[in-house]
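Counting starts at 1 for both ligands and their atoms, in listed order. Positions are given from 1 along the sequence. These numbers were taken from a predicted model, which means no experiment stands behind them.
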Amino acid sequence: MSTDTTPGRIDHDRRSFRYFRNAVERHWDPHEIGLAPDREAIREVPEPAFDGLRETLALFGAGEEAVTEDLSPLGVVLEDVADQLFVTTQLYEEAKHADFFDRYWRSVIAPEEERRGLGPTSPTDDRWFSDPYDELFERNETAMHRLLREDTPENRALAYCHYHMAIEGILAQTGYYGVQRNFSGEYAELPQLPGLVEGFSRIRSDEGRHVGFGMWKLETLVREEDVDPTLIEDTVGELAMFVQGIVGESTEEGAIGVDDETLVGYAAEKHHDRMTQIVDDSELPDVEELVALEE
Ligand SMILES: [Fe+2]
Ligand SMILES: [Fe+2]
């Protein structure tokens, strides 16, 4: 009988293996989240905030769909088996996130649009997407697909900068923060949406692990492959400008809830944290900390 100390194919001490196991142990199903209370409560969301929520959900849904496809090149180029196992869980989780956003739109947003006489909108409608959003995701696609043609340490670093740092580590984290604060009961004028908040909490926990993997990879590329840390700083710095453009315009005129300045400040703080964590190995948080929910 084999035990954990028997030599095997997979390095059990590798960070990516621990992350992979953490993903398996924390498995959840987006269809098990109850949405009936949200269908009732969403009636109380005032018009500008309802518009803002639709936009946020459309952006997240599109983002999750895009990242599932754009992550695949990484699974193709990584050589280590534990790394491949981890990327497999990440792909699966991005697919679940896309499923959650689609389900929320179909069962909560669409019926409420009809009740309000707004006419059905599609989460894929151009109206929800701004130029900085399109630009950021196009650049991400280019950075990820470049790995298939030219797999170099620098190009790997660029891929992690786009996907794991800018999109997951800064943009998405800021989006979760805004939605969770708005619909957790903090604002008297906004109802609680428990299904939405639960889904976002689960997704955010998964994303903590994804971001941790990207930061670990960047830190390793700098330490072992001589990737210049200024390449990382410059790239993430440039992409952070697009993030600021997206979140700085995300709140609808007159909407109650977290305002644009707070979101921009939060994004800047996340940017700073990520950069500190990758230049110093000892700063990389443990996986339990990554998946725990920040206040
Ligand atoms: Fe995701
Ligand atoms: Fe992710």
Looking only at N, O or S atoms, which one in [X] sits nearest to the Fe ion (ligand 2)?
| X | answer |
| --- | --- |
| H210 | ND1 |
| E207 | OE1 |
| E168 | OE2 |

CD (Q84) with more than 12 external heavy atoms under 6.0 Å:
yes

State whether the number of non-hydrogen atoms from other residues, nucleotides or ligands found under 6.0 Å of D286 atom CG is greater than 12.
yes

Let me confirm one number: the CD-OG1 distance from E55 to T121, rounded to the nearest 0.5 Å.
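Between atom CD of E55 and atom OG1 of T121 there are 11.5 Å.
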
Taking both backbone and side chain into account, is any N, O or S atom of E94 nearer than 2.8 Å to the Fe ion (ligand 1)?
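Here the distance criterion (N, O or S atom, under 2.8 Å) is met by E94, so yes.
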
Angle at the Fe ion (ligand 1): provide the value between OE1 of E64 and ND1 of H97, rounding to 10 degrees.
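Output for this angle: 100°, rounded to tens.
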
Look at E93 and state whether any of its N, O or S atoms is less than 2.8 Å from the Fe ion (ligand 2).
no

Are the side chains of E94 and E65 in contact, using a 4.5 Å heavy-atom criterion?
no

Any donor-acceptor pair under 3.5 Å linking the side-chain atoms of H162 with those of E141?
no

